[in-house]
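First up is the structure itself, then whatever we jot down about it.
Predicted model only: the values in this text are computed from it and were never measured. Ligands are counted one by one from 1 in listed order, and the atoms in each one are counted from 1 as well.
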Amino acid sequence: MDFPTYLASTRWPAFPNVSILRGDQIHPIVSGNKLFKLSPFLRAAQASEAVPLISVGGRFSNHLHALAFAGYEMNLQTLGLVRGFENQVETPTLRDCRDWGMTIQFIRPEHYKSRYANTFWEPWLARFPNAMRIDEGGWSSSAIEASQTWWDYISPETDIVIVPVGSGSTLAGIVKGAPKGIRVIGVPSFKDSTNYAALRAQLAAVGVEETQYELWTEFLDTGFGKLSEEVKQFKFRFESLTDIPLDVVYTAKMLFAVEKMLLSRPALQQKTITAIHTGGLQGNRSAN
Ligand SMILES: *Cc1c(COP(=O)(O)O)cnc(C)c1O
């Protein structure tokens, strides 16, 4: 699966200094940042004949959805460890994953919490000695490296780049690839009572220092995958005005925060801003 040679940017009519970089158009299925993040794993798996590729995610996971399709395209076995229970209604996301040949194993939520620990992975790696482990969201130095690819599509006039944050891999890659003097801002998709200390520590561990980015967190009043009424209305309004579809987990929250900031800090309206649409539209089926 090749990276696109060009990605469109669309101006936000209400704020013409803001362009939305259309990562949702990177690939019909492996949308947004997932193609960049998965590509190093896919290439390594092909080269070393590692199978299956094992990863973790929720029942609407964009990451597992992208991995399942990429595995199908490249003839690589995939195994998804999914937070939930066998007897829950099958989500459209998991139905697609299975159609593309991914094996699904449900993991109870209390056990899923330990998904970052080696002890979580050991039984799976013992059972599949040739397997490749892919952490949640693809978090790894190679995925972070590959996320610098975004810079191939960002206009050189840009002063500020804004991106939604899940695992932080995309933010880390963008910070690492940023030309001097450009501000990079992340908008988390999840609420965090410890004020994102764990995220900041994770980023610091891969050499991304707090001085190199900002997090806009003050407009987030709901948890991961949940939208407040205000953000829902914003999403509807934005989509009808721009014809750019947003996803409910990441991009709607990010652009909601961007609008709030532009209104409360007019100086930002003098800057050339690129807001990255990271795709993920399949996840909207969680809202039906
Ligand atoms: C996975 C995903 C993200 C999160 O990216 P990270 O690199 O994990 O921070 C953001 N937006 C969308 C649409 C996604 O699917």
Hey, does Gly168 come in under 3.5 Å of ligand 1, counting only N/O atoms on both sides?
yes
Whether over 12 other heavy atoms sit under 6.0 Å from Arg98 CZ
yes
Best match, Lys37, Lys34, Glu136: closest heavy atom to atom 2 (C) of ligand 1
Lys34
Would you check the N or O atoms of Gly166, main chain and side chain alike, for any that come under 3.5 Å of an N or O of ligand 1?
yes
What protein heavy atom sits nearest atom 5 (O) of ligand 1, and how far away is it?
Asn33 ND2, 2.9 Å
Consider ring pair (Phe, Tyr, Trp, His ring centres under 6.0 Å). Of Phe238, Trp216, Phe234, Tyr250, which one does Phe256 pass it with?
Phe234
Could you tell me which atoms of ligand 1, counted from 1 in the order shown, lie closer than 4.0 angstrom to a heavy atom of Gly280?
13 (C)
Residue and atom name of the nearest protein heavy atom (relative to atom 8 (O) of ligand 1), distance in Å to one decimal:
Ser167 OG, 2.6 Å
Has Gly32 got any heavy atom lying under 4.0 angstrom from an atom of ligand 1?
no
Check the surroundings of atom CG in Asn195: do more than 12 heavy atoms from other residues, nucleotides or ligands lie under 6.0 Å from it?
yes
Does Phe236 have more than 12 heavy atoms from other residues, nucleotides or ligands lying within 6.0 Å of its CZ?
no
Around atom CD of Glu49, are there more than 12 heavy atoms from other residues, nucleotides or ligands closer than 6.0 Å?
no
Min heavy-atom dist Val165 to ligand 1 below 4.0 Å:
yes
Please write down residue, atom name and distance for the protein heavy atom closest to atom 7 (O) of ligand 1.
Thr170 OG1, 2.7 Å
Compute the shortest N/O to N/O distance between Tyr250 and ligand 1 and return yes if it is under 3.5 Å, no if not.
no
Say you draw a straight line from NZ of Lys113 to CZ of Arg83; how long is it, rounded to the nearest 0.5 Å?
8.0 Å
Look only at interatomic distance and state if Thr251 has a nitrogen or oxygen under 3.5 Å from any nitrogen or oxygen of ligand 1.
no
Got more than 12 heavy atoms from elsewhere within 6.0 Å of CZ, Phe106?
yes
Report the nearest protein non-hydrogen atom to atom 11 (N) of ligand 1: residue, atom name, distance rounded to 0.1 Å.
Thr278 OG1, 2.6 Å
Are Arg200 and Asp192 close enough for a salt bridge, meaning some N to O gap below 4.0 Å?
no
Does any N or O of ligand 1 fall below 3.5 Å from an N or O anywhere on Asp247, backbone included?
no
Would Thr274 and Ser19 count as having a side-chain donor-acceptor pair, cut-off 3.5 Å?
no
Taking atom 13 (C) of ligand 1 as the reference point, the nearest protein heavy atom with its distance:
Gly279 O, 3.1 Å
